[in-house]
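Below you'll find the structure, written out as structure tokens, and then a few comments.
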Number of protein chains: 2
Amino acid sequence: MEIGDDEDREPRTDYEGMCHGVRDEDGRAVRDVLDRIGDKWSLLVIGTLAGGRLRFTELQRHIPGVSQRMLTLTLRHLERDGLVSRTVHAEVPPRVEYDLTPTGRTLIAPSVALASWAIESYPAIEASRAAYDAAR
Amino acid sequence: MEIGDDEDREPRTDYEGMCHGVRDEDGRAVRDVLDRIGDKWSLLVIGTLAGGRLRFTELQRHIPGVSQRMLTLTLRHLERDGLVSRTVHAEVPPRVEYDLTPTGRTLIAPSVALASWAIESYPAIEASRAAYDAAR
DNA sequence: CGGGATCCTACTCGATACTG
DNA sequence: CAGTATCGAGTAGGATCCCG
């Protein structure tokens, strides 16, 4: 039995189905994807590769602060998920190139949307934080 | 503002500016925002509150698996960032209601975009993972 | 009912060193 | 060049107890 507050429930903005009310299956998908792209480097890698195919070291240079280990791990995860392709050229010295897969490219649009929101909303967020902290 | 509307951006892979090449200031914003909404519960809370104002316990029931502690922490963070409002009604027993702020509501659209991508791409991702794991 | 205060574990991530 | 291996610190997050 649900404790129903029938008061004035909003007329159900069709956003409702985003993360819940979608019966687990989709909830898991969202959670799972968020665990991947929500980590520290994945989105940066996606964003960088959106500019074109790059080698390991180039990638590392484009993403300040990323360690060798984390870049490797991130790339492996993305490769496993089929979002990034890894091409090894049989040469010396070795050359490995990373690129977005077609699936990976479809992630760019929503990522850009989120990034844009972040950039646009950041001043408001910072202001809110300052106000919140000052109020204590 | 619609998602994916590119306004007056350079046609140069125009995704390029997402996370890098934007001179730190924006990179910090993206990273900072991602650290918040990329955590385990924030997006779930946003998505749930998108359906309308809710009390603490209702929120907890709508989000399976969230602990009291984490729900509290998540809500505090979102409140501090000005994305969620907290209203305490002076009654016994106490009644506290949470809702999205106007700023918080602007996050719904990009979040839905990302969630939709997750749901649509999940079959492909799972397949890719299975193939990747099988190949080793 | 809606939390705050503690304790504890598991995992993330960074630094460093080594390799084909 | 493009990794792998190992170690250690920090922290996210769960469980539990208590309180107004």
Side-chain angles (χ1 to χ4, degrees), chain A residues 1-5 7 19 27 31-45 48-49 53-81 84-99 132-133 135-136, chain B residues 27 31-45 48-49 53-81 84-99 132 135-136:
Chain A
M1 151 175 60
E2 299 181 336
I3 301 177
D5 68 290
E7 283 186 277
C19 295
R31 165 66 51 81
D32 220 32
V33 165
L34 210 69
D35 280 352
R36 175 77 35 251
I37 72 106
D39 69 13
K40 201 169 178 182
W41 304 108
S42 292
L43 201 52
L44 276 312
V45 170
T48 305
L49 286 180
R53 195 174 34 153
L54 286 177
R55 303 176 58 165
F56 187 88
T57 349
E58 292 172 334
L59 220 31
Q60 200 171 12
R61 263 202 315 278
H62 276 80
I63 306 177
V66 70
S67 67
Q68 224 171 36
R69 171 188 144 88
M70 285 320 294
L71 183 55
T72 302
L73 277 179
T74 303
L75 287 168
R76 289 293 171 279
H77 288 148
L78 292 174
E79 189 194 355
R80 186 172 105 103
D81 288 357
V84 160
S85 68
R86 177 174 182 266
T87 310
V88 183
H89 300 269
E91 310 170 357
V92 268
R95 184 164 56 101
V96 181
E97 293 189 314
Y98 292 93
D99 199 355
Y132 183 95
D133 294 345
R136 296 175 327 137
Chain B
R31 167 64 51 82
D32 220 34
V33 165
L34 210 70
D35 280 352
R36 173 78 34 253
I37 73 107
D39 70 11
K40 200 169 179 182
W41 303 108
S42 291
L43 200 52
L44 274 315
V45 170
T48 305
L49 286 181
R53 193 175 35 153
L54 287 176
R55 304 175 58 166
F56 186 87
T57 348
E58 292 171 334
L59 219 32
Q60 199 170 14
R61 264 201 315 278
H62 276 79
I63 306 176
V66 69
S67 68
Q68 224 172 39
R69 172 187 143 88
M70 286 319 294
L71 183 54
T72 303
L73 276 179
T74 303
L75 286 168
R76 288 294 169 280
H77 288 148
L78 292 174
E79 189 194 356
R80 186 171 105 103
D81 288 356
V84 159
S85 67
R86 176 174 181 268
T87 311
V88 183
H89 300 269
E91 310 169 358
V92 268
R95 184 162 57 101
V96 181
E97 292 190 313
Y98 292 92
D99 200 355
Y132 184 95
R136 296 175 327 137

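Every chain is numbered from 1 and lettered A, B, ... according to where its sequence line falls, protein lines coming before strand lines. Everything numeric in this text was worked out from a predicted model, so none of it was measured.
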For [N] and [X] - does any side-chain N or O of the residue sit under 4.0 Å from the phosphate oxygens OP1/OP2?
X     : N      : result
A:R76 : D:dG3  : yes
A:R55 : D:dA2  : yes
A:Y98 : D:dC1  : no
A:R69 : C:dT16 : no

task = Output the single nucleotide from D:dC1, D:dA2, D:dG20 whose closest atom is nearest the side chain of B:P94.
result = D:dG20
key: Side chain of A:Q68 (C-beta onward), nearest among C:dC13, C:dC1, D:dT4   = D:dT4
Could you check how far [atom1] of [X] sits from [atom2] of [N], rounded to whole Å?
X     : N      : atom1 : atom2 : result
B:E97 : C:dG3  : CD    : P     : 12 Å
B:D39 : D:dT11 : CG    : P     : 15 Å
B:F56 : D:dC19 : CZ    : C1'   : 15 Å
B:K40 : D:dA12 : NZ    : P     : 13 Å
A:D35 : C:dC13 : CG    : P     : 11 Å
A:M70 : D:dG10 : CE    : C1'   : 14 Å
A:L75 : D:dG3  : CG    : P     : 8 Å
A:L71 : C:dT12 : CG    : P     : 17 Å

remark   = Between A:P94 and A:R55, the two heavy atoms sitting closest are O-NH2, 3.5 Å
query = A:W41 ring centre to B:R31 NZ or CZ under 6.0 Å, with the angle to the axis within 45°?
reply = yes
message = Please determine whether side-chain contact (heavy atoms from CB on, under 4.5 Å) holds for the pair A:Y98 and A:V45, giving the CA-CA distance in whole Å, both sets of side-chain angles, and the decisive distance to 0.1 Å.
response = CA-CA 10 Å; A:Y98 292 93; A:V45 170; over 6 Å; no
query = Got a second to check how far B:Q60's CD is from B:T72's OG1, nearest 0.5 Å?
reply = 8.0 Å
ask   = Of A:E58, A:H89, A:R86, which meets side chain to side chain contact (heavy atoms under 4.5 Å, CB included) against A:E97?
value = A:H89
